Chemist: 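To start, I am sharing the structure in question, which I have written as structure tokens.
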Amino acid sequence: MRAAGGFRTGSWRTTILLEWAFYKKSRDLCPNSSQSCPSCRKLERTLNEPPVVFHWFPLIGSTITYGMDPPRFFKENRAKYGDIFTFILLGKKTTVYVGPAGNEFILNGKLKDVNAEEIYTVLTTPVFGKDVVYDCPNSKLMEQKKFMKIALTTQAFQSYVPIIADEVTNYFKRSPDFKGKSGIVNIPKSMAQITIFTASHSLQGAEIRNKFDESLADLYHDLDMGFSPVNFMLHWAPLPWNKRRDHAQKTIAKIYMDTIQERRAAGTSDSQDIMWHLMNSTYKNGVQIPDHEVAHMMIALLMAGQHSSSSTSSWIMLRLASRPDIHEALYREQVEALGADLPPLTYEDLAKLPLNQAIIKETLRLHAPIHSILRAVKSPMPVPGTKFVVPTSHQLLAAAGVSASDPNYFPEPDLWEPTRWNKDSPLAPRLPATSDDEEKIDYGYGLVSKGANSPYLPFGAGRHRCIGEQFANVQLQTIVAMVVREFKLRNVDGSDKVIGTDYASLFSRPLEPANIYWERR
Ligand code: HEM
């Protein structure tokens, strides 16, 4: 036991020592010393690789401990090995670099060094369809992101807020889970439905939204099954869920393409939705976006936003149920800022509700839906300020959530306290100073801040940064404001506890059932 324990705790030091002994011996034996002997050079390379997390089995490596609770895995191994370490994920050497410098290194890596599509295409292409996102060169993705981003104008958001608010109100009128004056509900299920209804209606128009009451909801559910982590390995297999995924992809794409044809035939649209915008966009090379690409981008947009926004809104409701004081403060904020009669919500109103905004920020700090961002390494990458070089046989993993719960940046980091985002709060984040003239860069989809070295990056950074951030904020703020108007929430047992996180899918979401008690105002 003692030997095993000792080996475990000192594993990387032991590994280095063994490597060193081996290296020395090979130098003694090797007449060429390290200059021209491939074996010497290989050992030298190994010595420059980050420390490896101890594991018993070469293929499984740390896959299970990582998969059960990634944030805990990062925290524990950071304490043992420092900010950079390597672990084995499904047989692949995976180098984690946490902290702001790590976020910068990975998320702002150069195109010649890091690559996202090589990792994600096996999951995303069967789900989204061909020729979009990770099934095309990065330069084409940048153009596609630009098309999506420029469709999300202030004018578009002004039209979205009433659509989202009405969807929420109608949902609570219709849903059997909210019949009567009070009850208990498994909130993630409701939030998933509200997210897809509000996103499809605002981003894709009323025709598509109406189809969610008929066939689209089930089809999207089947499509979603393609996103399970096991499909990183089994995406190709003729398994029942993959067959359903492929059928759903074809059927949904056809629904979108038929809708595009109908719109073209009608020749008009008064809508601000993205589908209309994409139908009328042209690539730099003069080619108009083909209908199948518009359809596949529609699927990608809805899927990209669905998990992240629906898990965030579920966490918000769970947090509010654990802190009825904040829930009531939100209600008072609306009454004071908008008037006691609470008039229909507008886009402009959202800016008058700072606590409502802080709820989203604070929830994303502790419950960022994407806990790990992966990149393939395309050329050996020296890590600035260290002796380490990450070789091409590794993949890189950024975990921005680690710094978002680091006490060096966020006092009492485990406390969910939205008021910490007030400048004068004693819990205010200690973030690096930013200014309006902070350097910006355009990767091809509009200007974004150049630096990724912030401890708070729930929407990522660099060329793959989220283009849905503003939409997600508008959607989430509107949903929260409408729920607060309609209900009082609390935990079923009246406690301040919050349920644990389910990491079994690719996104961090609440374990289910996640029941809360609701009562109409
Ligand atoms: C990318 C987070 C909502 C569309 C990303 C990335 C993150 C993220 C961390 C970077 C991924 C990477 O670097 O590999 C979130 C969060 C959301 C949210 C926390 C909500 C709370 C949305 C919504 C949409 C969207 C609503 C669509 C309307 C996208 C797209 C990308 C992206 C198109 C680009 C992928 C790439 O360039 O590789 N998001 N997202 N997201 N997100 Fe979001």
Side-chain angles (χ1 to χ4, degrees), residues 103 106-109 111 114-121 123-125 128 132-152 156-157 160 164 191 195-196 198-200 202-204 273-275 277-278 296-316 359-376 395-401 404 443-446 448 452 454 456-480 506-509:
N103 299 336
I106 300 174
L107 301 178
N108 257 339
L111 204 51
V114 292
N115 175 297
E117 54 269 31
E118 241 174 62
I119 306 255
Y120 292 122
T121 190
L123 276 194
T124 54
T125 302
F128 301 162
V132 301
V133 188
Y134 303 130
D135 189 52
C136 60
N138 185 270
S139 54
K140 185 167 176 180
L141 168 61
M142 294 302 114
E143 275 200 79
Q144 293 176 343
K145 285 176 75 170
K146 186 181 75 187
F147 295 140
M148 299 181 210
K149 197 174 163 189
I150 58 179
L152 296 169
F157 290 139
Y160 293 172
I164 296 170
M191 285 300 137
T195 307
I196 203 120
T198 52
S200 60
S202 50
L203 295 174
Q204 309 195 336
D273 64 56
I274 293 199
M275 193 198 295
H277 178 80
L278 292 178
H296 296 170
M297 277 191 254
M298 288 292 100
I299 298 177
L301 268 183
L302 218 56
M303 298 292 276
Q306 178 60 21
H307 289 282
S308 13
S309 295
S310 112
S311 113
T312 308
S313 59
S314 303
W315 284 118
I316 293 173
I359 298 287
I360 321 284
K361 270 193 129 167
E362 181 67 347
T363 305
L364 284 173
R365 186 180 70 78
L366 285 180
H367 302 287
I370 300 178
H371 54 72
S372 304
I373 295 179
L374 290 166
R375 299 284 185 262
Q395 57 186 3
L396 280 166
L397 188 155
Y443 290 104
Y445 64 92
V448 291
S454 162
Y456 181 77
L457 293 173
F459 292 97
R463 65 179 59 248
H464 291 283
R465 194 188 195 291
C466 186
I467 46 98
E469 174 176 359
Q470 277 173 300
F471 174 77
N473 272 315
V474 167
Q475 183 188 30
L476 289 166
Q477 287 172 32
T478 309
I479 293 172
V480 175
L506 293 173
F507 299 85
S508 323
R509 56 186 187 204

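The structure presented is a predicted model; accordingly, all values stated were derived computationally and were not measured. Indexing begins at 1, ligand by ligand and atom by atom, following the structure's order.
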Chemist: Heavy-atom pairs closer than 4.0 Å: do any link ligand 1 to the side chain of T312, the backbone, both, or neither?
Modeler: side chain
Chemist: Return the residue, atom name and 0.1 Å-rounded distance of the protein heavy atom closest to atom 11 (C) of ligand 1.
Modeler: H464 O, 3.9 Å
Chemist: Work out whether the distance between some heavy atom of P369 and some atom of ligand 1 is less than 4.0 Å.
Modeler: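 Checking ligand 1 against P369, which is what was asked, there is a heavy-atom contact under 4.0 Å.
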Chemist: Return the NE2 to CG distance between H277 and L152, rounded to the nearest 0.5 Å.
Modeler: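 The NE2 atom of H277 sits 8.5 Å away from the CG atom of L152.
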Chemist: Quick one: pull up NZ in K146 and CD1 in I467 and give me the separation to the nearest 0.5 Å.
Modeler: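 Rounded to the nearest 0.5 Å, the NZ-CD1 separation comes to 13.5 Å.
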Chemist: Taking only residues two or more places apart in sequence, or in another chain, which ones meet L374 in a side chain to side chain contact (heavy atoms under 4.5 Å, CB included)?
Modeler: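 By the side chain to side chain contact (heavy atoms under 4.5 Å, CB included) rule, L374 matches T94, I119, Y120, Q395, L397.
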Chemist: Report the nearest protein non-hydrogen atom to atom 2 (C) of ligand 1: residue, atom name, distance rounded to 0.1 Å.
Modeler: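 Ranking protein heavy atoms by distance from atom 2 (C) of ligand 1, first comes P458 O, 3.5 Å.
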Chemist: Rounded to the nearest 0.5 Å, what separation is found between the CG atom of L396 and the OG atom of S372?
Modeler: 12.5 Å
Chemist: Could you pull out the closest heavy-atom pair between L141 and C136, with the gap in Å?
Modeler: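 Minimum heavy-atom contact is N-SG, 3.9 Å.
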Chemist: Taking only heavy atoms of K145 into account, list the atoms of ligand 1 that are under 4.0 Å away from them.
Modeler: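 What qualifies from ligand 1 is 34 (C), 36 (C), 37 (O).
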Chemist: Would you say Q475 and ligand 1 have an N/O pair spaced under 3.5 Å apart?
Modeler: no
Chemist: Less than 6.0 angstrom separating the ring centers of Y160 and F471, yes or no?
Modeler: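 Here the rings of F471 and Y160 have centres that are less than 6.0 Å from each other.
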Chemist: List the atom of L107, the atom of A398, and the distance in Å for their closest heavy-atom pair.
Modeler: CD2-CB, 4.0 Å
Chemist: Show which atoms of ligand 1 fall inside a sub-4.0 Å distance from at least one heavy-atom site of F471.
Modeler: 26 (C)
Chemist: Checking Q475 side chain against T198 main chain: does a donor-acceptor pair fall under 3.5 Å?
Modeler: no
Chemist: What do you reckon, does R375 put a non-hydrogen atom under 4.0 Å from ligand 1?
Modeler: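 It does; at least one heavy atom falls under 4.0 Å.
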Chemist: Are any of the N/O atoms on R465, whether in the backbone or the side chain, positioned under 3.5 angstrom from an N/O atom of ligand 1?
Modeler: no
Chemist: At less than 4.0 angstrom from any non-hydrogen atom of L301, what atoms of ligand 1 do you find?
Modeler: 27 (C), 28 (C)
Chemist: Salt bridge check: are R365 and E362 linked by an N-O gap of less than 4.0 Å?
Modeler: yes
Chemist: Is it true that S309 lies under 4.0 Å from ligand 1, counting heavy atoms only?
Modeler: yes
Chemist: For Q470, look at atom CD and say whether over 12 heavy atoms of other residues, nucleotides or ligands are found less than 6.0 Å away.
Modeler: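 No, the 6.0 Å shell around CD holds no more than 12 heavy atoms from other groups.
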Chemist: Does a side chain donor of either Y134 or N115 reach within less than 3.5 Å of an acceptor in the other side chain?
Modeler: no
Chemist: Using a distance threshold of 2.8 Å, what protein N/O/S atoms lie below it relative to atom 43 (Fe) of ligand 1?
Modeler: C466 SG
Chemist: Might you point out which heavy atoms bring K361 and Y456 nearest each other, and give the distance in Å?
Modeler: O-OH, 2.8 Å
Chemist: Quick one: which ligand 1 atoms are inside 4.0 Å of a heavy atom on Y134?
Modeler: 35 (C), 36 (C), 38 (O)
